[in-house]
Engineer: 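Take this structure first; my questions come after.
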Number of protein chains: 2
Amino acid sequence: MLTIGKLGEAAGVKVPTIRYYEQIGLLPEAERSSGNQRLYGRKAMKRLAFIRHARDLGFTLEAIRDLLSLSDNPDQSCAAADAIARSQLVEVESRLARLTALKAELERMVVQCAGGKIADCRVIEVLGDHSLCATDHRHPETEATQ
Amino acid sequence: MLTIGKLGEAAGVKVPTIRYYEQIGLLPEAERSSGNQRLYGRKAMKRLAFIRHARDLGFTLEAIRDLLSLSDNPDQSCAAADAIARSQLVEVESRLARLTALKAELERMVVQCAGGKIADCRVIEVLGDHSLCATDHRHPETEATQ
DNA sequence: CTTGAAGCTATAGTTGCTAGAGACATTAGG
DNA sequence: CCTAATGTCTCTAGCAACTATAGCTTCAAG
Ligand SMILES: [Zn+2]
Ligand SMILES: [Zn+2]
Ligand SMILES: [Zn+2]
Ligand SMILES: [Zn+2]
């Protein structure tokens, strides 16, 4: 049985984050010691590692909630889980496309600036006028955190 | 003189967002009509377009605040503005690198899954165990919104 | 002149945490 | 056994950058 600090260390998750996951119901309420401190076993450890890894792969907590509840009944078809992963892939691809365009525009800006006064600064000029951009980089669809 | 709705439409910014920008001091307090409604002229329009475009390029509101105050005195050197843009470029590059790794892992996951039961689902399996990943995609540095 | 859209303020909610305050628990050293 | 340091507890508030709601007033069209 691990204390919350040890668990956090083992899983690479900060202590308040673990409590937060419990609070929003991603982790079950932990057992408590005689002195009311949380205690975790192997199962909680695996669940937290799953959450952490899925977060690292950019899944939202809502998606992770679904994935966890799917993984809790192993006899079902994995179609729903695969769909979540595929939609996360689509999301990542679209962010990638957008960031690639952003990078190109930012590079253009900084390269084109001759480094004089603000009045002649290409960075400031381009920021004020999207028609100076080479690509249409604008905020296409819904954007998520990260 | 435009009302807030017309301004928002023209600049592609939602009305509450404009009020929010005013509230946090990114936009100056607008003139008001006799009936206390906000009115905007050409200058506010340009300023809002600048903000919107910079947001589209991923700059934070803090960075935009600095860029705006730089652009307000055109005789200064543009070094500071260029530095902000370059650091935004670095930020975008690092997010791009991370997303590229994520995409690779997500693709591996969905491709490797044969589509049976959850118990045999490669997606669920990989999510539970980072050592099954081909790359080290983990949360490298500070991460920003978007 | 009436009605519906658009505007106003103020407050609270979103996501995924993170930081603080103040009180209790545990552990290591002397 | 006592003490000091560290860890944990709950609760609340804060971060970015908005978005939504409620309950009002004002405006523009018919
Ligand atoms: Zn410049
Ligand atoms: Zn542009
Ligand atoms: Zn599967
Ligand atoms: Zn991994």
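A note on names: the letters A, B, ... follow the listed sequences, proteins ahead of strands, and every chain is numbered from 1.
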Engineer: Can you tell me how far P of D/dC18 sits from CD1 of B/Ile18, to the nearest Å?
Structural biologist: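 These atoms are roughly 12 Å apart.
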
Engineer: Given atom CZ of B/Arg65 and atom C1' of D/dA16, what is their separation to the nearest angstrom?
Structural biologist: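 The answer, rounded to whole Å, is 12 Å.
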
Engineer: Could you please name the option among D/dA17, C/dG16, D/dT19 that lies closest to any side-chain atom of A/Thr60?
Structural biologist: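 Selected nucleotide (nearest to the side chain): C/dG16.
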
Engineer: Using a 4.0 Å heavy-atom cut-off, write out nucleotides 4-13 of chain C from 5' to 3' as B (base contacted by protein), S (sugar-phosphate only) or - (no contact).
Structural biologist: ---SSB----

Engineer: Let me check something: do B/Leu39 and B/Tyr21 share a hydrophobic cluster, defined by ILVMFWY side-chain heavy atoms less than 4.5 Å apart, either directly or through other members?
Structural biologist: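 Different clusters.
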
Engineer: For atom CD of A/Glu31, decide whether the heavy atoms of other residues, nucleotides or ligands shown that lie under 6.0 angstrom number more than 12.
Structural biologist: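 At most 12 heavy atoms, drawn from other residues, nucleotides or ligands, come within 6.0 Å of this atom.
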
Engineer: Will you find, in the side chains of A/Glu105 and A/Thr135, an N or O donor that is under 3.5 Å from an N or O acceptor?
Structural biologist: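 Distance-only check passes for A/Glu105 and A/Thr135.
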
Engineer: Reckon A/Tyr21 has a side-chain N or O less than 4.0 Å from the OP1 or OP2 of C/dG16?
Structural biologist: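 It does not, given that no N or O in the side chain of A/Tyr21 lies less than 4.0 Å from OP1 or OP2 of C/dG16.
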
Engineer: Rounded to whole Å, how long is the line connecting atom CD1 of A/Ile64 with atom P of C/dT15?
Structural biologist: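 Computing the A/Ile64:CD1 to C/dT15:P distance gives 13 Å.
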
Engineer: Of the candidate nucleotides C/dG16, C/dT26, D/dA17, which contains the atom at the shortest distance from the side chain of A/Ser34?
Structural biologist: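 So the side chain of A/Ser34 is nearest to C/dT26.
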
Engineer: Atom CZ of A/Phe59 and atom P of C/dT15: how far apart are they, to the nearest Å?
Structural biologist: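 It works out to 18 Å between those atoms.
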
Engineer: Might you confirm whether atom CZ of A/Arg42 has over 12 heavy atoms from other residues, nucleotides or ligands at distances under 6.0 Å?
Structural biologist: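 No, not enclosed.
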
Engineer: I'd like to check A/Glu125 versus A/Asp129 (side-chain heavy atoms, cut-off strictly below 4.5 Å). Are they in contact?
Structural biologist: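 With C-beta onward as the side chain, the pair stays apart.
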
Engineer: Rounded to whole angstrom units, what separation is found between the CD1 atom of A/Ile51 and the C1' atom of C/dC17?
Structural biologist: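 Value for this atom pair: 13 Å.
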
Engineer: For side-chain contact (heavy atoms from CB on, under 4.5 Å), just list the numbers for A/Met45 and A/Leu7, CA-CA rounded to whole Å, side-chain angles, deciding distance to a tenth of an Å, and then say yes or no.
Structural biologist: CA-CA 7 Å; A/Met45 169 81 206; A/Leu7 177 69; 3.7 Å; yes

Engineer: Could you state the atom-to-atom distance from CD of A/Glu9 to C1' of D/dT6 in whole Å?
Structural biologist: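 Taking atom C1' of D/dT6 as the reference, CD of A/Glu9 is at 13 Å.
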
Engineer: Please state how far atom CD in A/Glu29 lies from atom C1' in D/dT10, giving the value in whole angstrom units.
Structural biologist: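 From A/Glu29 CD to D/dT10 C1': 13 Å.
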
Engineer: Roughly, in whole Å, what's the span from NZ in A/Lys14 to C1' in C/dG16?
Structural biologist: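 In whole Å, C/dG16 C1' and A/Lys14 NZ are 12 Å from each other.
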
Engineer: Given C/dT26, is OP1 or OP2 found less than 4.0 Å from the side-chain N or O atoms of A/Ser33?
Structural biologist: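 So the side chain of A/Ser33 is within the cut-off, an N or O lying under 4.0 Å from OP1 or OP2 of C/dT26.
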
Engineer: Indicate if A/Ile24 and A/Val13 have the same hydrophobic cluster label, given that clusters are the connected sets of ILVMFWY residues with side-chain heavy-atom separations under 4.5 angstrom.
Structural biologist: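 Yes, A/Ile24 connects to A/Val13 through the hydrophobic network.
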
